Amino acid sequence: MSSSLSLKAEFVKGIWKENPVMASLLGLCPTLAVTNAANNGLAMGLATTFVLLSSSLMISALRNFIPHQVRIAGYIVIIATFVTVADRFLAAYFPSISASLGPYIPLIVVNCLILGRQEAFSSKNGIGRSLLDSLGMGIGFILVLVVLGIIREILGSGSIFGMAVLGDWFTPWMVMILPPGAFLTLGILIALANWYNDPSRSKERRAVS
Amino acid sequence: MTEENLPQAQPETPKKPVKPKKDPRAKLYKPETPLILASSPHFHTRDTVPRIMWNVIAALVPATVLALVYFQWAAVGIILTSVSSALIAEMLVNKVKGDSFTIPDGSALITGLLLALTLPPSFSLGGTALGSVFAIVVGKHFFGGLGYNIFNPALLGRAFLQASFPVPMTTWIWPLTARYADVDGITAATPLGLFKFEGVSSELSGLLTGNISGSLGETSAITILIGGLYLLIRKYADWRIPMSFLLSTFLVSGVFWLISPESYPSPVFQLFSGGLMLGAFFMATDMVTSPVTARGAWIFGTGAGFILVIIRLFGGLPEGVMYSILLMNAFTPLINRYTRPKFFGEIRA
């Protein structure tokens, strides 16, 4: 059942074609919850990518030792270990980010993006391929979170990464840093991506219909 | 089926001196002349979407005129901004989607006008334009355009503004003190706000004539009733919805008032204050977002009134018409399904 894509395709697919958020709608909880500022989105993306990479490495290496019947429990234990590492690391070195992300760092344990990649990929493929796959998915995840965070921060606070970019004339749209803003922005982004990917968008098809 | 009701036959070809080489019927077969095929029924009614919409606009004239009288240039600015942004947004969406031009049906104009009438007179023009564009683009066209929207677009635009700019959206000025949008008028709480936060009751005469602070078009119960009754008489709005909405508000708030007249406002005050009249006659009766069945209309109005009183008495905000209608909009598909009439002879499982 191992994958037959080229190594490059294995890496690239997670960034756009099989992007975890835009194409598979995985990991929506952190995507919607912490992207009220670009900083938070980046931190959450990096933490998730770290956990994804490390647990893919472990699970891919141990894939022939974990009994099939208890594999999910096994994955969760491994993932939880690395989440604890990430959580403590952030709390020790970046206390302000750790405070603003709140419970969402421990909640990476149940991020379906991570468990999904282990079940669908790492448990069936070698270490090298699993790492490439995780890295691509992680980068795709980070990109979406940062783009969402930037859009919401500009409109909701008038700044990017904490630096004010819009002058005093701009009244922030408070709704954008509230949950409705997350749903609206993500919905519009996914709609744009689907429109861009729509195969019927080519000119020849349009002329016929 | 009388003669006039029959579908129009093809227009008669005008009498012309016979020219053997030119067939006068040829112009009927221009490629752009569509052959219209439709299944039965072929009854014609004079009610079309534009006709209904323009009647609603006519019904809003008294409230709009009074807003202009009371709030003067502030009202002019907000109404013009809101309507023109709605029209421009509608035009742009038509272009992007490649649809036909839908400005003449008047629906975008109504959305813009209704939104303007629900805004406080001192609200900024930029914010007004934003809310209007949001109402048209997100509230209407993201759901598929006129007839497909789940929520009343104007109210959705207002909800967006309320969530975005909570302070300007709840800052009110006294009528006749505003000259220009950005010049400070005399700020004053709305009657509902006065009661909720300071326990002060307002005179009924002010609530009727609209000489109170509040949103542009909602202050005077009389002007809204004139327009609303016109709509009901012409049957462009289902009378059951405003009736049940007002009745349920009256009864539910009456129960609380009877329990403790000191701490809860009287049901008459509840009826004539805030945006209830405007909401009950012009927003809740939106044909697209309210139930189609008679029983459904009763459920819709009763539910909206109940939610309204709960928000007004126990919520954080003094006013809840917008949220009560939006919440019932969300229930409309469910109500329609629940009140589906039986087919003749049908036995339900």
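Just so it is clear: chains get the letters A, B, ... in the order the sequence lines come, proteins before strands, and each one is counted from 1. Here the structure is a predicted model, which is why all the values come from computation and not from measurement.
Proximity to chain A is absent for every atom of B:L161, based on heavy atoms less than 4.5 angstrom apart. Only the side chain of A:I188 comes within contact range of chain B, with at least one heavy atom under 4.5 Å from a heavy atom of that chain. Contacts of B:P168 with chain A are absent, with no heavy-atom separation under 4.5 Å from either backbone or side chain. For A:I177, no part lies near chain B; criterion is any non-hydrogen pair under 4.5 Å. Contact annotation for A:P180: neither backbone nor side-chain heavy atoms come within less than 4.5 Å of a heavy atom of chain B.
A:F170 CZ: more than 12 foreign heavy atoms inside a 6.0 Å radius. At most 12 heavy atoms of other shown residues, nucleotides or ligands fall within 6.0 angstrom of atom CZ in B:F306. Heavy-atom contacts from other residues, nucleotides or ligands closer than 6.0 Å to CE of A:M176 number more than 12. Counted within 6.0 Å of CZ on A:F161, heavy atoms from surrounding residues, nucleotides or ligands total more than 12; the atom is thus considered enclosed.
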Hey, can you pull the donor-acceptor pairs under 3.5 Å for the side chains in residues 20-31 of chain A, sequence neighbours left out?
from  : atom 1 : to    : atom 2 : distance (Å)
A:T31 : OG1    : A:G27 : O      : 2.6

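Across all their heavy atoms, A:M174 and B:A163 have their closest contact at CB-O, 3.5 Å.
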What donor-acceptor contacts under 3.5 Å connect chain A and chain B, backbone and side chains included?
from   : atom 1 : to     : atom 2 : distance (Å)
A:M174 : N      : B:S164 : O      : 3.0
A:V175 : N      : B:A163 : O      : 3.4

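Proximity of A:V175 to B:F134: side-chain heavy atoms (C-beta onward) are nowhere separated by under 4.5 Å.
Annotation: side chain to side chain donor-acceptor pair (under 3.5 Å) contacts involving residues 79-104 of chain A, sequence neighbours excluded, comprise A:N40-A:S100.
By the salt bridge (Lys or Arg N to Asp or Glu O under 4.0 Å) test, A:E18 pairs with no residue at all, sequence neighbours left out.
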